[in-house]
Every structure is written in structure tokens, then in C-alpha cells.
Asker: 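My questions all concern the structure below.
Atom set for the values below is all heavy atoms of this structure, side chains included, hydrogens, waters and symmetry mates excluded.
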Amino acid sequence: MRISQDILDRFNSGFQQAERNGVIEPTAMVLATAHQSQISCRTVLLKGLDGRGFVFYTNLTSRKGLQLVHNPQAALTFLWREIQQQVLVEGKVEKVSDQEADAYFARRSRGSQIGAWASKQSQVMAKPGDLSARVAEYEKRFEGESVSRPSHWSGFRVVPDMVEFWYGQDCRLHDRFRYQWQDDGWDMVRLYP
Ligand SMILES: Cc1cc2nc3c(=O)[nH]c(=O)nc-3n(C[C@H](O)[C@H](O)[C@H](O)COP(=O)(O)O)c2cc1C
């Protein structure tokens, strides 16, 4: 297991506090990816976290998907503004297993499953109505049967080598705890705000 219990406990404690204090979508995280010198970011939802890493699901042929295939490195930012906390994650990215992706896909609503087939995520749409036409096409294709997971849709796991917890304090004298992976374990240091 890559992530220590200490890190998991800190994350889960912040997450539960965020849920209790009305943070909308505490699973939302900004995902940064890079292709050569071009860096891009967007929001995705955390769909799994355990000792192996942080998991999200997406279209593998999307802009982020292609970037991650070519450069399997990513950074994540969780902002839980209402409780003045931020969590940063950096690390390597790997695809989840087909079994894991199948299991998650099977739990999604049928509408979201059809959407995964219909959306050519990140590609140019020639005209309005093309997406709903594709939705209708796949609803017909899967009529009366369960929707299988498209091979272009799966999950990525960010396996961290850095996790930083930021706790807002008065006068901007914030607390920062940075965990850094060092070959065989985690070092934790405090950083100036
Ligand atoms: C709150 C929120 C949650 C999102 N969750 C996801 C997600 O889990 N997976 C995903 O592929 N896109 C998600 N999106 C859409 C992405 O931000 C993005 O528009 C899309 O994935 C295409 O990104 P790309 O062109 O950089 O690949 C979400 C957007 C928002 C605002």
C-alpha cells in the first residue's frame, strides 16, 4: 500500500468535516495534466481512495485521457473552502484494472452509462443536436439490455509521491503539512504558509 494510514486518516477526517459543514461536492478535485510544456487542468470527481491512491473515471480519448497516456503524471487539488482546508496531491498515474472499472460502471445510472457511449469527450461537436442524436442512437442499441462499459471509458489512479494538507489560520498564518515519499516511506515536514 502506497498511502500511509496517517495520510488516509488526515484526508478522511478533513473530508468528513467538509461533508458535515455543507461543502458542495467535497469529492471535486482539480486535476492537472501536462503534455510537453502544455499544462491543463479541469475538475473531476474522486470515486475511490484507499492505500493505493486516488481514483477518478473519464473518457480515455479525452484531452486529459490522451495526456495521461503519454505522460502518466498528475496533480490534484481539493478545495474545501467552507472549512478552510486544501489538499494537494502529486504523483504517477496508472489505469485501474478492467474489473475495477466494470464494477464502478455497473453502479452508474443508466443515463450516465449511455452518456459514456454518446459523448466523444473533448472532441469538436459539428452542430447542436449531435449529442442528443448519439444518446438516442445508443439508447436504441442497448434497448432491453444492460449497458456494457465502453473500452474508451475507464479510471485512473493517482499514486501519490507528495500529499500536502493546508489548514487555514488567522492572519494568513496557515498550517501546512507536506508528506513526501522517499523510496521506502513518507517524510513529513511543516512548511511556512
Ligand atoms: C464538478 C465537476 C465534476 C466533474 N467530474 C468529472 C469526472 O469525474 N470525469 C470527467 O471525465 N469529467 C468530469 N467533469 C468535466 C471535466 O471538468 C471536463 O470538462 C471534461 O472531463 C473534459 O476535460 P478534458 O477536455 O480536459 O479531457 C466534471 C466537471 C465538474 C465541473
Asker: Would you call the rings of Trp181 and Trp186 parallel, tilted or perpendicular if under 30° counts as parallel and over 60° as perpendicular?
Answerer: perpendicular

Asker: Check this for me, if you would: do Asp187 and Arg178 make a salt bridge, where the nitrogen-to-carboxylate-oxygen distance has to be below 4.0 angstrom?
Answerer: no

Asker: State plainly whether one hydrophobic cluster holds both Tyr167 and Met188, where clusters connect Ile, Leu, Val, Met, Phe, Trp and Tyr through side-chain heavy atoms under 4.5 angstrom apart.
Answerer: yes

Asker: Side-chain contact, heavy-atom cut-off 4.5 Å: Tyr57 with Phe105?
Answerer: no

Asker: Show the numbers, then the answer: is there a side chain to side chain contact (heavy atoms under 4.5 Å, CB included) between Leu49 and Val55?
Answerer: CA-CA 6 Å; Leu49 170 63; Val55 174; over 6 Å; no

Asker: Going from CG on Asp102 to CZ on Arg107, what distance comes out if it is rounded to the nearest 0.5 angstrom?
Answerer: 11.5 Å

Asker: Would you call the rings of Phe54 and Phe11 parallel, tilted or perpendicular, where under 30° means parallel and over 60° means perpendicular?
Answerer: perpendicular

Asker: Do Phe156 and Val44 belong to the same hydrophobic cluster, where Ile, Leu, Val, Met, Phe, Trp and Tyr are linked whenever their side-chain heavy atoms lie under 4.5 Å apart, directly or via other members?
Answerer: yes

Asker: Can you get from Val89 to Val159 by hopping between Ile, Leu, Val, Met, Phe, Trp and Tyr side chains that sit under 4.5 Å apart?
Answerer: no

Asker: Mind listing the closest non-hydrogen atom pair of Ser40 and Gln67 along with its distance?
Answerer: OG-OE1, 3.0 Å

Asker: Atom CG in Leu68, atom CZ in Arg63: separation rounded to 0.5 Å?
Answerer: 11.5 Å

Asker: Looking at Glu94 and Arg52, is any side-chain nitrogen of the basic one under 4.0 Å from a carboxylate oxygen of the acidic one?
Answerer: no

Asker: Start with the C-alpha distance between Thr61 and Gln121, add both sets of side-chain angles, then the distance that settles side-chain hydrogen bond (donor to acceptor under 3.5 Å, both in side chains), and finish with yes or no.
Answerer: CA-CA 7 Å; Thr61 61; Gln121 194 177 58; over 6 Å; no

Asker: Is there a continuous path of hydrophobic side-chain contacts, each under 4.5 Å between heavy atoms, that joins Met29 to Leu31?
Answerer: yes

Asker: Test side chain to side chain contact (heavy atoms under 4.5 Å, CB included) on Glu137 and Val135 and set out the steps.
Answerer: CA-CA 5 Å; Glu137 179 190 329; Val135 168; over 6 Å; no

Asker: Can you find a pair of side-chain heavy atoms, one from Lys92 and one from Pro72, that are under 4.5 Å apart?
Answerer: no

Asker: Sub-3.5 Å donor-acceptor pair from the side chain of Asp130 to the main-chain atoms of Lys127, do we have one?
Answerer: yes

Asker: Measure across His152 and Ala116 and return the closest heavy-atom pair with its distance rounded to 0.1 Å.
Answerer: NE2-O, 3.0 Å

Asker: Is it the case that the side chain of Trp166 and the backbone of Val87 share a donor-acceptor pair, with hydrogens and angles ignored and the cut-off at 3.5 Å?
Answerer: no

Asker: Closest heavy-atom contact between Pro160 and Gly53?
Answerer: CD-CA, 4.2 Å

Asker: Could you tell me whether Arg81 atom CZ has more than 12 heavy atoms of other residues or ligands within 6.0 Å of it?
Answerer: no

Asker: Who passes side chain to side chain donor-acceptor pair (under 3.5 Å) against Asp161, sequence neighbours left out?
Answerer: none

Asker: Establish whether Val158 and Tyr104 are linked, either directly or via other cluster members, by ILVMFWY side-chain heavy-atom contacts under 4.5 Å.
Answerer: no

Asker: With the side chain counted from C-beta on, respond yes when Val147 and Trp117 share a heavy-atom pair under 4.5 Å apart, and no when they do not.
Answerer: yes

Asker: Classify the ring geometry of Phe142 against Tyr138: parallel below 30°, tilted from 30° to 60°, perpendicular beyond 60°.
Answerer: parallel

Asker: How long is the gap from CD on Glu145 to CD on Glu143, to the nearest 0.5 Å?
Answerer: 9.5 Å

Asker: Is the shortest heavy-atom distance from the side chain of Arg190 to the side chain of Asp175 under 4.5 Å?
Answerer: yes

Asker: The test is side-chain hydrogen bond (donor to acceptor under 3.5 Å, both in side chains); show your working for Ser119 and Arg134 and say whether it passes.
Answerer: CA-CA 8 Å; Ser119 172; Arg134 284 177 62 83; over 6 Å; no

Asker: I'd like to check Lys120 versus Met125 (side-chain heavy atoms, cut-off strictly below 4.5 Å). Are they in contact?
Answerer: no

Asker: Do the side chains of Ile3 and Val163 get nearer than 4.5 Å, heavy atoms only?
Answerer: no

Asker: Do the side-chain N and O atoms of Asp6 and Ser4 include a donor-acceptor pair separated by under 3.5 angstrom?
Answerer: no

Asker: If you take all heavy atoms of Ala28 and Leu45, which pair is closest and at what distance?
Answerer: CA-CD2, 3.8 Å

Asker: Which heavy atom of Phe78 sits nearest a heavy atom of Pro26, and at what distance?
Answerer: CD2-O, 3.8 Å

Asker: Are Glu90 and Glu164 close enough, and set up right, to give a side chain to side chain contact (heavy atoms under 4.5 Å, CB included), and what steps lead you there?
Answerer: CA-CA 9 Å; Glu90 293 174 8; Glu164 182 193 313; over 6 Å; no

Asker: Can you measure from OG1 (Thr58) to NZ (Lys47) and round to the nearest 0.5 angstrom?
Answerer: 12.0 Å

Asker: First locate atom OG of Ser112, then atom CH2 of Trp153, and finally report the distance between them rounded to the nearest 0.5 Å.
Answerer: 8.5 Å

Asker: Determine, step by step, whether Glu100 and Arg157 satisfy the salt bridge (charged side-chain N to carboxylate O under 4.0 Å, His left out) criterion, reporting the C-alpha distance in whole Å, the side-chain angles of both residues, the deciding distance to 0.1 Å, and the verdict.
Answerer: CA-CA 11 Å; Glu100 199 173 342; Arg157 174 176 286 110; 2.6 Å; yes

Asker: So does Ser62 get a backbone contact from the side chain of Ser122, meaning a donor-acceptor N/O pair under 3.5 Å?
Answerer: no

Asker: Hey, are the side chains of Thr43 and Glu25 touching, using non-hydrogen atoms and a 4.5 Å cut-off?
Answerer: no

Asker: Using the six-membered ring of Phe177, assess whether NZ or CZ of Arg10 lies under 6.0 Å from its centre and within 45 degrees of the ring axis.
Answerer: yes

Asker: Applying the side chain to side chain donor-acceptor pair (under 3.5 Å) test to Thr33, which of Lys64, Gln38, Gln73, Arg42 qualifies?
Answerer: Arg42

Asker: Any side-chain heavy atom of Leu88 within less than 4.5 Å of one from Phe165?
Answerer: no

Asker: Which heavy atom of Gly14 sits nearest to which heavy atom of Gln85, and what is that distance?
Answerer: CA-OE1, 3.6 Å

Asker: Calculate, to the nearest 0.5 Å, the distance between atoms OG and CD belonging to Ser148 and Gln113 respectively.
Answerer: 9.0 Å

Asker: Ignoring hydrogens and angles, tell me if any N or O in the side chain of Arg172 forms a donor-acceptor pair with the backbone of Pro193 under 3.5 Å.
Answerer: no

